[in-house]
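See below for the structure under consideration.
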Amino acid sequence: MDKSDHLFGPEMEDAKENLTFKTNSLDLLLDLKVLMKEYYMATFEQDGKYLKLSFQNGQRFRVSVEEIS
């Protein structure tokens, strides 16, 4: 899926009834990375199907997304 297929903010309201595309777990994970960078000062690293976050205080997290249906 091309990044241009994603709709954000006001575009979503205008196109709700026309949303027919599907996303996959990796695309969703990368979108979450973009959003999380707005809220957290951390180092972000994609590691296969995971996103690793490392904070300056030593905390580390691994985030994953899995489609369930």
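Heads up: numbering here begins at 1 and tracks the sequence.
For the atom pair K33 NZ and E45 CD, the distance stands at 9.0 Å (nearest 0.5 Å). Distance CG/L53 to CZ/R60: 11.0 Å, rounded to 0.5 Å. Put simply, CG on L28 and CG on L32 are 4.5 Å apart, with the number rounded to the nearest 0.5 Å. The NZ atom of K52 lies 11.0 Å from the OG1 atom of T43; values are rounded to the nearest 0.5 Å.
Side-chain contact between L26 and Q46 is present, with heavy atoms from C-beta onward closer than 4.5 Å.
With sequence neighbours excluded, the residues satisfying ring-ring contact (aromatic ring centres under 6.0 Å, His included) with Y40 are F55.
Placement of F61 and Y39 within a single hydrophobic cluster is found when ILVMFWY residues are connected by side-chain heavy-atom separations under 4.5 Å, directly or transitively.
Judged purely by atom type and a 3.5 angstrom limit, N24 uses its side chain to pair as donor or acceptor with the backbone of D27.
Shown here for V65 and S25, the closest heavy-atom pair between the two residues is O-CB, 3.3 Å. Taking both residues in full, the closest heavy atoms of L29 and Y50 are given as CD2-C, 3.8 Å, listed atom of the first, atom of the second, then distance.
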